[in-house]
Asker: 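My structure is below; once you've seen it, I'll send some questions.
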Amino acid sequence: MLDPKLLRTQPEAVAAQLARRGFVFDLVRFQDLEARRKSLQTETESLQAERNTGSKRIGQAKSKGEDVSPILADMDRVKSQLAANEQALGALQSEFEEFSLGLPNIPHASVPEGRSEHDNVEIRRWGTPRPAAGAKDHADLGEALGLMDFAAAAKLTGARFVVLRGQLARLQRALTQFMLDVHTQEHGYEELYVPFIVNAASLRGTGQLPKFGDDLFALKSEQDWRLIPTAEVPVTNLLRDEILAAENLPRKWVAHTPCFRAEAGAAGKDTKGMIRQHQFEKVELVQATLPEKSYEAHEELTGHAEAILKKLELPYRVLTLCTGDMGGSAAKTYDLEVWLPSQDRYREISSCSNFEDYQARRMLARYRHPETKKTELLHTLNGSGLAVGRTLVAILENYQDEGGAIAIPDVLQPYLPGLKRIEKA
RNA sequence: GGAGAGAUGGCCGAGUGGACGAAGGCGCUCCCCUGCUAAGGGAGUAUAGGGUUUAUCCCCUAUCGCGGGUUCGAAUCCCGCUCUCUCCGCCA
């Protein structure tokens, strides 16, 4: 959510900033809503004040044994007027809220302007990509090994699921544990396990609702519950309605969870293999920082995700997402893309974003300013560190040999004692 | 799943229709006193929204788990829900 004061005082400037994303801020509608809100709210609140003082006078008069009927008659008028006002104000406020929740974040000044993924800006590369020639894709490799079974998953559930077997299942577990260990032991994150089902308030807090509900799996239960699309949701919402002490900042959390995505708009995309699944494992990094520290933290957090790729010796590049490709809640996003030889290109494996106070305002995540003693909004950040399923894909493709066997990266040896290669049994 | 009890500020806890945004205590902050320590005295100490303002101040509104209702007036009465605790059952 954007700062309502900013919206009120500088609506044109906000509109110009959002236009960089290609978002059309309806200035006329906003100013109309705002004008109606202001007059209706002040009017309603003064009626409430009138009612409150009137009620107090009745109490006082009664205790003195005086006649209260003249005041009561007056209260009758206030009451009926107030009822109408409160109803109108409530309706207006929900309209206003819906409008504000639909506004995306203002992009940071350093974010390149652009319309689509083609306008993203590559800022660095690491490693030497192996040539595409002769490289099999991960699905062919995995199936040939007999360790990756899409048909079985289709029987159990449907398309966009997979069954991993044997050493591949074990490799995924090793990867997860490796990532968690690096982030907790080398990067200072606290490890969490969190619910994989969340309520609507949590999804609103991080920005998945109200606009992107189609991407979520909803549970058929009494409660309004959804499967998490990312650990970002439960982890960041730990901050919801909290006021942290400044000395406890930054908070750095890492959590491994499955992620569930309906992939509503992805029909026909990445239909083969494990790239785009309804369910995948991810290790997620989340930070909450002082506002003035968040960009520093953003670079740091991105580096933490990169560290995993480096240790696994997987070639990758880093992009700054352009205004048009960035998620609505983010002020700035770096994507990490890993080299996939079979596709002869880099594919997203991590997305690291600074949300500034956009999520914090939605979820009232605050800290107490040590000098002013007032509450201020935190800045929140997150990034994949990394998407485990896609990391598995990258290892298969980058560590394959001519015979279709997969070498195990050195750094995973402690997690897979004795296993040097995965090959057909 | 069944039965019962409960939810009040940072914490404990009082409050069953009117001067209650909420006693009292603890904690915390500032000041005073005290030659150190201990003790003592005073003041302050929720959040959000709005109005006003350069800002502070000030004013208004809302909030006693959440949502409705009754009433001139609700922490207090009524209805629904959520969560917590205890016992029983079941279960990893």
Side-chain angles (χ1 to χ4, degrees), chain A residues 1-11 30-31 33-101 193-205 209 219 221-226 234 237-249 258 357-378:
Chain A
M1 220 157 87
L2 298 177
D3 183 358
K5 288 200 178 75
L6 186 71
L7 279 172
R8 250 175 250 137
T9 53
Q10 308 178 43
F30 170 76
Q31 282 169 333
L33 279 173
E34 171 57 16
R36 281 156 59 206
R37 177 207 61 83
K38 187 167 170 173
S39 68
L40 194 55
Q41 184 171 346
T42 47
E43 193 187 324
T44 305
E45 286 183 356
S46 65
L47 277 169
Q48 285 171 326
E50 209 178 323
R51 177 202 60 198
N52 292 345
T53 53
S55 296
K56 274 184 186 162
R57 282 200 293 134
I58 291 171
Q60 284 162 350
K62 272 195 171 174
S63 69
K64 289 180 200 149
E66 294 167 6
D67 178 25
V68 295
S69 51
I71 319 178
L72 277 174
D74 196 38
M75 285 297 100
D76 222 36
R77 169 191 60 85
V78 174
K79 197 189 176 188
S80 59
Q81 207 175 338
L82 192 53
N85 266 50
E86 281 178 339
Q87 198 183 9
L89 185 62
L92 189 58
Q93 272 168 342
S94 6
E95 194 180 347
F96 200 94
E97 187 179 86
E98 194 188 337
F99 180 83
S100 331
L101 288 177
Y193 268 98
V194 293
F196 305 155
I197 297 171
V198 291
N199 57 33
S202 294
L203 290 158
R204 217 172 296 120
L209 289 180
L219 267 63
S221 67
E222 294 285 307
Q223 298 88 343
D224 193 6
W225 285 354
R226 322 287 169 104
N237 272 280
L238 288 172
L239 300 162
R240 177 150 52 89
D241 297 318
E242 297 291 334
I243 302 172
L244 273 53
E247 58 262 32
N248 291 336
L249 296 170
D357 62 11
Y358 184 89
Q359 293 181 328
R361 183 172 290 106
R362 284 171 168 244
M363 64 174 83
L364 276 185
R366 296 150 294 172
Y367 72 99
R368 189 156 318 266
H369 195 283
E371 260 128 59
T372 65
K373 307 291 181 203
K374 301 211 164 184
T375 60
E376 310 265 355
L377 293 169
L378 291 163

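The structure presented is a predicted model; accordingly, all values stated were derived computationally and were not measured. We name chains A, B, ... by the order of the sequence lines, and we start the count at 1 in each one.
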Asker: Nearest to the side chain of Asn52(A), which nucleotide is it out of rU61(B), rG50(B), rC72(B)?
Answerer: rU61(B)
Asker: Could you tell me how far rG15(B) sits from rG6(B) if I compare only their P atoms? Round to whole Å.
Answerer: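 That atom pair is separated by 13 Å.
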Asker: May I ask you to say what Gln48(A) touches in the nucleic acid, namely base, sugar-phosphate or nothing, with a heavy-atom cut-off under 4.0 Å?
Answerer: sugar-phosphate
Asker: If you look at every strand shown and take non-hydrogen atoms under 4.0 Å, does Arg8(A) touch a base, only sugar-phosphate, or nothing?
Answerer: sugar-phosphate
Asker: When all nucleic acid strands are considered with a 4.0 Å heavy-atom cut-off, which category describes Ile243(A): base, sugar-phosphate, or nothing?
Answerer: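 Ile243(A): backbone/sugar contact only, no base atoms under 4.0 Å.
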Asker: Looking across every strand, which nucleic acid part, if any, lies under 4.0 Å from Lys38(A) by heavy atom: base, sugar-phosphate, or nothing?
Answerer: sugar-phosphate
Asker: So Ser63(A), base contact, sugar-phosphate only, or nothing? Heavy-atom distance under 4.0 Å.
Answerer: base
Asker: Could you give the distance separating rA7(B) and rC66(B) at their C1' atoms, to the nearest angstrom?
Answerer: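 Between the two C1' atoms, the distance is 11 Å.
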Asker: Pairing check on rG27(B): which nucleotide meets the Watson-Crick or G-U wobble criteria with it, both distances under 3.5 Å?
Answerer: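 Matched rG27(B) with rU45(B) under the 3.5 Å cut-off.
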Asker: Pairing donors with acceptors under 3.5 angstrom, does anything connect the side chains of Ser55(A) and Asn52(A)?
Answerer: no
Asker: Considering only atom P, compute the distance from rG41(B) to rA46(B) and round it to an integer number of Å.
Answerer: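 Straight-line distance between the two P atoms is 23 Å.
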Asker: With rounding to the nearest 0.5 Å, note down the distance linking CG in Leu47(A) to CZ in Arg77(A).
Answerer: 7.5 Å
Asker: Of Glu50(A) and Gln60(A), whose closest RNA chain B nucleotide lies nearer the 5' terminus?
Answerer: Gln60(A)
Asker: Using a heavy-atom cut-off of 4.0 Å across all strands, would you classify Arg57(A) as base, sugar-phosphate, or nothing?
Answerer: nothing
Asker: Please state the C1' separation for the pair rU56(B) and rA38(B) - nearest whole angstrom.
Answerer: 40 Å
Asker: For Lys56(A) and rA19(B), is the shortest distance between a side-chain N/O and OP1 or OP2 below 4.0 Å?
Answerer: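 Indeed not, no polar side-chain atom of Lys56(A) lies that close.
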Asker: Answer with yes or no whether Glu45(A) presents, from its side chain, a donor or acceptor under 3.5 Å of a partner atom in the base of rG49(B).
Answerer: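 Checked by distance alone, the answer is yes.
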Asker: Reckon Arg77(A) touches a base, only the sugar-phosphate, or nothing at all at heavy-atom distances under 4.0 Å?
Answerer: nothing
